Number of protein chains: 2
Amino acid sequence: MTFSTRELIVREADQIFYEKGFEAASFSDIAAAVGISRGNFYYHFKTKDDILDAVITHRLATTRAMLDDWARQSPSAVDRIMSFIQMLISNQTTIMAFGCPVGTLCSELAKLDHAARTRAAAIFGLFREWLEEQFRELGQTGNASELALHLLARSQGIATLANAFRDEDFVCTEVAALKAWLQSIIDDSSDKNRKERKNECT
Amino acid sequence: MTFSTRELIVREADQIFYEKGFEAASFSDIAAAVGISRGNFYYHFKTKDDILDAVITHRLATTRAMLDDWARQSPSAVDRIMSFIQMLISNQTTIMAFGCPVGTLCSELAKLDHAARTRAAAIFGLFREWLEEQFRELGQTGNASELALHLLARSQGIATLANAFRDEDFVCTEVAALKAWLQSIIDDSSDKNRKERKNECT
DNA sequence: TACAAATTGGGACGGTTGTCCTAATTGTGT
DNA sequence: ACACAATTAGGACAACCGTCCCAATTTGTA
């Protein structure tokens, strides 16, 4: 697998924006990481905002691909949502060091009053819509949107506090609570279905 | 009420750090807000980090004072925790614009690998310990710490998504869910107490 | 009123930033 | 081998940053 210089820039910028923040990340940082000169930058991207746009586009694409993978790998909607929750565990180290890539970028761009703010929030939108779809598939047709936002918010809160306190146990406890919450939704739903089925019989 | 120049600087810096972020906030910004010259700054604070330290100290003090007020105004632990939750409503506008002051500062300092990172997280620590105390007073002696962290995390998640999506309804829905969650804890606890009392009678 | 201390404004400093230009190098098709 | 386009490195640039100095001004005090 070989990448063009432009792709390399986007990938390195993505990582550096995540680790240092957009504002604190400089052209020099990215150039050094890619292994090119600062001057060469202008050929690929006119401004720093152009790089940010490309990074967000890249993140939108990789997020979509990840969600598609989850959907492909597990036929059950519960397992798919579990994949989302499990992300907090598999990315635990980087989350404790730098927070959630999406949440922290959105926060920073909001403070900078940056034009790309909306596009960054669209990454959240992908998760939101995907989760919404999974909950709808679980039979939660009426409140799928609320459940999706709720899960998204819980994850964000866990990431923020994990980053602030650097507490591994906290993440494990909260993830367990999140899985229990999901299970309780399924249980409630099947209880309801059973009742409805019973009503149909009478 | 009159403030010294030093106090004015801290207050304005506090606000500007919140709205623009620590890195993006410049001496010029703060000086303009206070109404003093840039040069005069050095007399009160040697470095930008010194200002940050003073701002964090100020936030620690105001947070402590606010928590004390809540404790003083409502004798019941439930109402005190409700005061905390209600904060999401009363600060809704600024949260949607700039996120949570504590969470966003911690995230930024973590990315900057700043020395003041720990001290900023200590503001979270104040809320954590205070909430822990309230839950303990509610009879949740065994899991007061988990409950406190859980509530803190939920609030952070709500703030982050409220900022990203700028959705008022979402905040209201989640705050209602949070209050219901608190109520369910009380109900469970009183159920348990009733059972225990019944057992004592038999 | 006079003197010392506290406080202030204006500006200089070295460094870094994003941006942009240009000359040199590399690659490609004929 | 040649011409032409794509790509590169290096550096210039103006603006801004945090920092720092110093002379002027204000304030407090004897």
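All values derive from a computational prediction rather than experimental measurement. Here is how names work: the chains are called A, B, and so on, in the same order as the sequence lines, proteins then strands, and each is numbered from 1. These numbers come from the heavy atoms of this one structure, side chains and all, not from hydrogens, waters or symmetry mates.
- Residue Lys48(A) contributes atom NZ, which lies 15 Å from atom C1' of dA15(D) at whole-angstrom precision.
- When the C1' atom of dT17(C) is taken as reference, atom CZ of Phe22(A) falls 12 Å away, rounded to whole Å.
- Here Tyr43(B) does not reach the OP1 or OP2 of dT8(C): none of its side-chain N or O atoms lies under 4.0 Å away.
- If you take NE2 of His114(B) and P of dG18(D), they are 12 Å apart, rounded to a whole angstrom.
- Listed pair Asn40(A) / dT7(D) fails the phosphate criterion, with no side-chain N or O lying under 4.0 Å from OP1 or OP2.
- Looking at Leu147(B) and Trp181(B), their side chains come closer than 4.5 Å, going by heavy atoms from C-beta outward.
- A sub-4.0 Å separation between OP1 or OP2 of dC17(D) and a side-chain N or O of Ser26(B) is present.
- Ring geometry, Tyr18(B) versus Phe98(B): the interplanar angle exceeds 60°, so the pair is classed perpendicular (tilted spans 30 to 60°).
- Remark: aromatic rings of Phe127(A) and Phe84(A) are close, center separation under 6.0 Å.
- Residue Arg119(B) places its CZ atom among more than 12 non-hydrogen atoms of other residues, nucleotides or ligands, all under 6.0 Å distant.
- Going from atom CD1 of Ile30(B) over to atom C1' of dG18(D) covers 11 Å, rounded to whole Å.
- Note: CG (Leu52(A)) to C1' (dT17(C)) measures 17 Å, nearest angstrom.
- Ala25(B) comes within 4.0 angstrom of sugar-phosphate atoms only, judged by non-hydrogen atoms across all strands, and of no base.
- The phosphate of dC17(D) has OP1 or OP2 within less than 4.0 Å of a side-chain N or O from Ser28(B).
- Put simply, Tyr42(B) has no side-chain N or O that comes within less than 4.0 Å of OP1 or OP2 on dT19(D).
- Using a cut-off of 4.0 Å between Lys/Arg side-chain N and Asp/Glu carboxylate O, Asp14(A) and Arg11(A) are scored as not salt-bridged.
- Spacing between atom NZ of Lys20(B) and atom P of dC16(D) amounts to 12 Å, rounded to whole angstrom units.
- Across the protein-nucleic acid pair, Phe45(B) atom CZ and dG18(D) atom C1' stand 15 Å apart, rounded to whole Å.
- In this structure, CZ of Phe41(B) is placed 18 Å from P of dG11(C), rounded to the nearest angstrom.
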